[in-house]
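Encoded as structure tokens, the structure appears first; notes follow it.
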Number of protein chains: 2
Amino acid sequence: MREINKNLFKKVKLDDVAEKAGVSKTTVSRVLNNRGYISVKTREKVHEAMELLNYQPNEIARSLFINKTFIIGLIFPSTSNPFYGQLIFHLENISESLGYKVLLCNSQGREDKERDYLRMLQRHQVDGIIAGAHNRGIEEYNNSRLPLVAIDRYLSESIPVVSSDNYDGGKKATELLLKKGCKHIIHINGSPELETPANLRRKAYEDVMEKNLLTPCTYVNEDNAIETIFDENPHVDGIFASDDLIASDVMREAKKRNISIPDELKVVGYDGAEITRRLVPELSTIQQPVKEIAELAIKLLVSQINGENISKNEWNLPVKLMEGKTT
Amino acid sequence: MREINKNLFKKVKLDDVAEKAGVSKTTVSRVLNNRGYISVKTREKVHEAMELLNYQPNEIARSLFINKTFIIGLIFPSTSNPFYGQLIFHLENISESLGYKVLLCNSQGREDKERDYLRMLQRHQVDGIIAGAHNRGIEEYNNSRLPLVAIDRYLSESIPVVSSDNYDGGKKATELLLKKGCKHIIHINGSPELETPANLRRKAYEDVMEKNLLTPCTYVNEDNAIETIFDENPHVDGIFASDDLIASDVMREAKKRNISIPDELKVVGYDGAEITRRLVPELSTIQQPVKEIAELAIKLLVSQINGENISKNEWNLPVKLMEGKTT
DNA sequence: TTGTAAGCGTTATCAT
DNA sequence: ATGATAACGCTTACAA
């Protein structure tokens with residue numbers, strides 16, 4: 001009895017199909033991959049046998065032989081973030097349409113985790129990696145001979161980076177606040193030590209401010225940054241936050257302090273993810289072309305996988321100002 | 001020259017390490033897996049060689065032999081949704097801590113995609129699947145001998161389901177509205193044809209209403225449902241939405257119609273995902289224990305992978321009422 | 001303590 | 001048009 005069960009549970013393989021169809025496993029493989037000449041009669045027999053046994057090819061064995069897994073590794077801080085969640089959704093989607101699967105890695109912004117994931121993905125023989133995590137200084141990115149694409153992060157000189165046009169986004173945001181009459185505009189951004197293209201949002205803000213003979217003032221988004229801003233700048237009348245979550249926090253704090261938006265304070269965010277737009281549509285924001293970023297990233301990765309050379313290392317995709325009621 | 005390059009790019013394998021260390025590949029494998037007896041000297045030699053060559057074991061080859069991939073398949077509608085994004089984050093996290101990797105599949109609520117993914121995961125020899133997608137009627141779930149766990153979906157009689165305590169959640173939500181003085185409470189829910197435990201939210205709502213001698217009234221969340229509700233029910237003073245996104249839409253529509261919340265209308269949602277809480281903290285909601293759901297799902301899956309039997313088929317984890325300013 | 005050889009489930013080469 | 005056989009990189013009996 002146990003013997004029978006054991007056999008029932010055993011996965012069916014090429015040999016089993018071959019036996020059932022009365023041919024060799026080479027023939028079955030040929031039918032499976034549509035290669036070489038096969039007589040119609042044989043093909044039918046084999047297909048029948050496959051149906052009958054509910055045969056599923058073992059991709060692991062195939063991968064080992066052809067030395068390719070059709071798996072792409074994704075390393076991002078967290079699927080829980082609206083922007084990354086949406087980006088990952090599109091990356092997976094497009095991958096799937098091209099026959100690739102994705103292995104998901106949440107690095108949580110931790111360099112050690114990112115390093116471990118990178119090694120894991122290599123051991124798993126992924127065909128390439130798309131990373132939107134953490135900072136450079138992970139030398140493994142250079143050592144690995146793997147096709148790589150970075151999203152909004154500089155990983156190393158030779159790795160292509162796909163971003164929204166951060167400079168233009170920062171410019172659009174700042175100019176909007178100015179146009180609406182703001183005189184004391186403050187910018188909130190991540191740590192300037194992370195060498196990300198997102199720093200260009202800050203750069204643009206500072207350039208625009210100076211061009212208008214105003215003093216730029218950037219706060220790093222750390223504990224209590226928002227309260228500090230209001231405490232230290234009673235006259236602030238415009239805030240450009242480097243992402244929508246922070247912008248939303250700003251709106252909340254303003255409400256708490258009875259500062260009315262947009263009359264006394266105007267706020268602009270960045271990202272414009274689907275979910276944020278739905279939950280906080282009143283927030284003015286600079287929307288990243290998430291789907292286009294995903295498409296380009298995959299395209300650049302697959303090109304590399306196919307051995308093509310990438311002509312350019314930095315790609316900035318156009319952003320869109322979404323004006324709500326906070327400006 | 002090309003010959004040299006070709007060799008440089010070739011991945012190093014067990015044989016290379018063995019040659020470098022002057023031992024057999026069996027010995028290297030033993031060092032790698034800490035199996036059997038190895039002299040200290042040999043172990044050192046091998047480790048040196050591995051470092052020198054930057055050797056990374058090929059998990060595909062290993063998987064083929066041991067007939068186990070340490071990969072878990074995740075099938076969910078979309079990472080873009082705050083609740084699923086957070087759930088997937090935890091699922092990945094916990095998997096990682098147990099040595100498993102995750103293959104991500106966004107089914108987009110499409111039965112055909114789900115079916116394809118299921119087959120793909122089988123071909124890729126995943127060790128198990130956690131699915132929170134679509135409906136039953138996918139017979140493949142029964143055919144596959146794969147360990148499976150469902151989250152908030154009935155897949156088939158024999159597949160364990162992990163959910164939040166939907167009945168208690170629906171009860172808590174409705175009772176809150178009643179306690180706050182609502183007389184005309186409406187419920188918005190997904191299609192009743194999807195046989196999900198989330199239907200229990202509706203059931204609880206209806207039970208509580210009837211117990212209080214009120215007529216339950218449930219709208220299916222489809223095009224313009226919210227507008228219809230307001231149009232058809234000018235006296236509505238309480239809405240229990242089956243998720244926070246819908247609840248947020250309700251808040252928006254109420255604002256548009258100058259219906260003040262919570263004075264004239266009270267609103268409760270469901271899910272209480274991190275991001276929703278941050279973006280719309282004023283919304284009262286029933287919070288699901290996302291992390292605990294993920295932990296239990298993984299635990300049940302790994303038990304099955306290890307050949308253990310699952311004692312129970314339905315697991316309802318306790319929810320928490322998060323009262324905001326909308327009630 | 002270490003090595004030899006077989007085998008995991010495929011695909012590709014070379015016969016026939 | 002089809003089949004026998006080697007190979008992909010690893011692990012594990014079994015032998016020495």
Side-chain angles (χ1 to χ4, degrees), chain A residues 6-7 9-47 49-50 53-71 120 122-127 145, chain B residues 6-7 9-47 49-50 53-71 120 122-127 145:
Chain A
K6 240 169 89 186
N7 288 332
F9 276 74
K10 210 163 235 166
K11 289 184 187 132
V12 315
K13 50 188 182 183
L14 223 52
D15 277 322
D16 303 322
V17 178
E19 192 183 10
K20 185 90 171 178
V23 296
S24 77
K25 64 184 189 177
T26 308
T27 304
V28 180
S29 174
R30 279 208 190 88
V31 172
L32 204 58
N33 300 294
N34 264 319
R35 250 190 271 293
Y37 297 100
I38 305 125
S39 75
V40 180
K41 206 187 285 174
T42 308
R43 167 172 279 121
E44 274 170 5
K45 263 193 310 186
V46 171
H47 273 135
M50 292 200 299
L53 298 173
N54 187 26
Y55 169 70
Q56 308 273 58
N58 182 330
E59 290 287 340
I60 295 292
R62 168 179 268 168
S63 291
L64 179 59
F65 190 87
I66 65 177
N67 198 24
K68 168 155 182 160
T69 53
F70 284 97
I71 295 182
M120 179 277 276
Q122 290 184 167
R123 288 197 307 266
H124 259 272
Q125 313 297 116
V126 298
D127 293 340
R145 295 260 167 274
Chain B
K6 238 169 89 188
N7 287 331
F9 277 73
K10 210 163 234 167
K11 287 184 190 136
V12 314
K13 49 188 183 182
L14 222 55
D15 277 323
D16 304 322
V17 179
E19 193 183 8
K20 186 90 174 178
V23 296
S24 77
K25 66 184 190 174
T26 309
T27 304
V28 179
S29 173
R30 281 207 189 89
V31 172
L32 206 57
N33 300 295
N34 265 318
R35 250 190 270 293
Y37 297 100
I38 305 127
S39 76
V40 180
K41 207 188 283 176
T42 308
R43 167 173 278 121
E44 275 171 5
K45 264 193 310 188
V46 171
H47 273 134
M50 293 200 299
L53 299 172
N54 187 26
Y55 171 70
Q56 308 273 59
N58 182 330
E59 291 287 339
I60 294 293
R62 165 180 272 169
S63 291
L64 179 59
F65 189 88
I66 66 177
N67 199 24
K68 167 154 185 161
T69 53
F70 285 97
I71 295 182
M120 178 277 276
Q122 289 185 162
R123 288 198 307 266
H124 259 273
Q125 314 296 116
V126 298
D127 293 340
R145 294 259 167 274

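The chains referred to below are lettered A, B, ... by the order of the sequence lines, with proteins before strands, and numbering in each begins at 1.
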What residues, two or more places apart in sequence or in another chain, satisfy salt bridge (charged side-chain N to carboxylate O under 4.0 Å, His left out) together with A:R123? B:E59

Got a sec, which residues hit side chain to side chain contact (heavy atoms under 4.5 Å, CB included) with A:D127, two or more places apart in sequence or on another chain? A:K68, A:T69, A:F70, A:Y100, A:I305

Heavy atoms only, 4.0 Å cut-off, all strands: where does B:N58 land among base, sugar-phosphate and nothing? sugar-phosphate

Across all chains, not counting sequence neighbours, the side chain to side chain contact (heavy atoms under 4.5 Å, CB included) partners of A:T42 are A:V23, A:T27, A:I38, A:S39, A:V46

About how many Å separate NE2 of B:H124 and CG of A:N58, when rounded to the nearest 0.5 Å? 9.5 Å

Rounded (10°) bend between the five-pair end axes of the helix from C:dT1-D:dA16 to C:dT16-D:dA1: 40°

Compare all side-chain heavy atoms of B:V17 with those of B:V31 and state whether any distance is below 4.5 angstrom. no

Whole Å only: how far is the CG atom of B:D15 from the P atom of D:dA7? 12 Å

Quickly work out the A:N67 CG to D:dG9 P distance and round it to whole Å. 7 Å

Starting from P on D:dC10, measure out to CD on B:Q56 and report it in whole angstrom. 11 Å

Please report the interatomic distance CD1(A:I60) to CD1(B:I60), rounded to the nearest 0.5 Å. 4.0 Å

Spatial distance of atom CD (A:Q125) from atom CD1 (A:I71) [nearest 0.5 Å]: 10.0 Å

What are the atom names and distances for every N/O pair under 3.5 Å that joins the protein to nucleotides 14-16 of chain D?
none

In Å and rounded to the nearest 0.5 Å, what is the CE to CD distance from B:M120 to A:Q56? 12.0 Å

DNA chain D contacts among residues 16-28 of chain B, heavy-atom distance under 4.0 Å: B:K25, B:T26

Using side chain to side chain contact (heavy atoms under 4.5 Å, CB included) as the criterion, list what pairs up with A:D15, not counting sequence neighbours. A:K13, A:K25

Mind checking whether B:E44 and B:H47 have side chains closer than 4.5 Å, heavy atoms only? no

For B:Y55 and D:dG9, is the shortest distance between a side-chain N/O and OP1 or OP2 below 4.0 Å? no

Reading DNA chain C in the 5' to 3' direction, which nucleotide is the first one with an atom under 4.0 Å from a heavy atom of chain B, and which is the last? C:dT1 to C:dG9

Find the distance between CG (B:L14) and OH (B:Y55) and round it off to the nearest 0.5 Å. 4.5 Å

Quick check: closest heavy atoms across B:D16 and B:K11, and the distance to 0.1 Å? OD2-O, 3.9 Å

For the student: nearest non-hydrogen atoms of A:A18 and A:V28, plus distance: CA-CG2, 3.6 Å

Can you check the B:R62 CZ to D:dC10 P distance for me, whole Å? 9 Å

Which of residues 33-43 of chain B sit near DNA chain C, with a heavy atom under 4.0 Å from it? B:Y37, B:I38, B:S39, B:T42

